[in-house]
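Chain letters run A, B, ... following the sequence lines, proteins first and then strands; every chain starts at 1.
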There are 2 protein chains.
Amino acid sequence: MIQAHAVRLFTDRGYEAVTVTEVAEAAGVSAMTVYRHFPTKEDLVLIDQPARLIAERVAASPATHPLVRRVGGALVEAATALTGGDGDEAAVNERFLLDCLRLMVSTPALRARHLDSQYALQQAIVDALGDDATTPDAAFRARAATSACLAAMHTALTRWAEEDGQTELPELIARALAASFGDVAATGRSD
Amino acid sequence: MIQAHAVRLFTDRGYEAVTVTEVAEAAGVSAMTVYRHFPTKEDLVLIDQPARLIAERVAASPATHPLVRRVGGALVEAATALTGGDGDEAAVNERFLLDCLRLMVSTPALRARHLDSQYALQQAIVDALGDDATTPDAAFRARAATSACLAAMHTALTRWAEEDGQTELPELIARALAASFGDVAATGRSD
DNA sequence: ACCCCACTGTTAGTGACTAACGTATGAGTG
DNA sequence: CACTCATACGTTAGTCACTAACAGTGGGGT
């Protein structure tokens, strides 16, 4: 609820032009209460990426496939699972997600934080790759491939927000991956 | 000079544990003077990426090559041109650059800002790609490929700082690109 | 009726950052 | 040498994000 008021105010008047106190007043609570639920002002907009979900799909992918295909496929599958919500409340959630994304893309501070949160996601994915990260050299390759996949996904997220969710998100991610790695990594299903 | 004092203090006691006032005192100036030369505390550590240099090499790359090869090649060439400094002062610069990088990797706030500055670099590179970004769809593919290349380079920079500059930076970047895109994009020279 | 506990509010304080204003140093010109 | 002007530096006061310590309030179980 606090978050909804915050995103609305930020969208209307700009992120930096709105103080936390104003968000608190709009939500009918004290500023301290806001900080108790959201550690920083930025967390009012940031969306927690489903690291668990993605990591599981990475771990479940066949280890024989190239790295970018394992990670890219997991990203497409996770996006499919998330945006594939049915009808009613899912649409509201998607509107809210798009609002947050637009703020993240247009506000430097939020953009920076979001990119850094992808850095944490990268760690989780590299761990999920497991056997491919034993030697320092293999870990380096795993990190490189993973960060490249996440960068492509970020581009897809940006485009998704720009065109207001017209194209399905999994398709955009697949196209971003294809543009970066060729068609080899774009095939999400791998069974 | 202010920057040198700042990086030394940050490395010794941690970025957040050092106030801007302390940096100013160590440098023998006022806090206001620090802010006049560095807009934010983070700018004391951030290194300006040579966007001009990279963009020129991207623009000069043959348009027939795949996107990731054009961008990746330009990144390797730019790194070669930069770290290829000769002997005396270049070594000091490289030590300083490594200190800054270590701080950037280990401090969340700096890491976030650095990732966002790569976002600006991405814009410059996409513009330099020129003809490949006329239609919205081509621009999307260009952004995806560019961001993936930059993410791979960031992984190489991180590794470079971790192993204290043992391996040559251009080679690390080439290996990160190869791990992501296959050997097609790793060939830096293209003449 | 009692206590416990999670949630909330108040106050005071730190630190990054800005704005407005006054001061000195150093180069160029008469 | 005096004058001037630009550039850099310092001081003060203020805003805002964020933290710590302490106090109040409401409902749930015994």
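Here dA17(D) presents its C1' atom at 13 Å from CD of E42(B), a figure rounded to the nearest Å. The NZ atom of K41(A) sits 14 Å away from the P atom of dC17(C) (whole-angstrom rounding). When the C1' atom of dA17(D) is taken as reference, atom CG of D43(A) falls 13 Å away, rounded to whole Å. Note: CD (E22(A)) to P (dT15(D)) measures 13 Å, nearest angstrom. Separating the CZ atom of F38(B) from the C1' atom of dA16(C) is a distance of 16 Å, rounded to the nearest angstrom. Regarding R113(A), its CZ atom lies at a distance of 9 Å from the P atom of dC18(D), rounded to whole Å. For the pair E25(B) CD and dG10(D) P, the interatomic distance rounds to 12 Å; values are reported in whole Å.
In this structure, V18(B) reaches the sugar-phosphate backbone alone: every heavy-atom distance under 4.0 Å involves primed, P, OP1 or OP2 atoms, never a base.
Side-chain N/O atoms of S117(A) and Q49(A) include a donor and acceptor closer than 3.5 Å. A donor-acceptor pair shorter than 3.5 Å can be found between the side chains of R8(B) and H5(B).
Of all heavy-atom pairs spanning L103(B) and T11(B), the tightest one is CD1-OG1, 3.9 Å.
Out of dA17(D), dG9(C), dA16(C), the shortest distance to the side chain of S30(A) is found at dG9(C).
In this structure, the side chain of D127(B) does not engage the main chain of A124(B) through any donor-acceptor pair within 3.5 Å.
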Take E162(A) and T158(A) through the side chain to side chain donor-acceptor pair (under 3.5 Å) test and state the conclusion after the steps.
CA-CA 6 Å; E162(A) 280 171 357; T158(A) 303; over 6 Å; no
Return a table of donor-acceptor pairs under 3.5 angstrom between the side chains of residues 14-21 of chain A and protein atoms on other chains or two or more places apart.
| residue | atom | partner | partner atom | Å |
| --- | --- | --- | --- | --- |
| Y15(A) | OH | E42(A) | N | 3.3 |
| T19(A) | OG1 | E22(A) | N | 3.2 |

Annotated protein contacts, base or backbone, on nucleotides 19-28 of chain D with a non-hydrogen cut-off under 4.0 Å, one of B, S, - each
BB--------
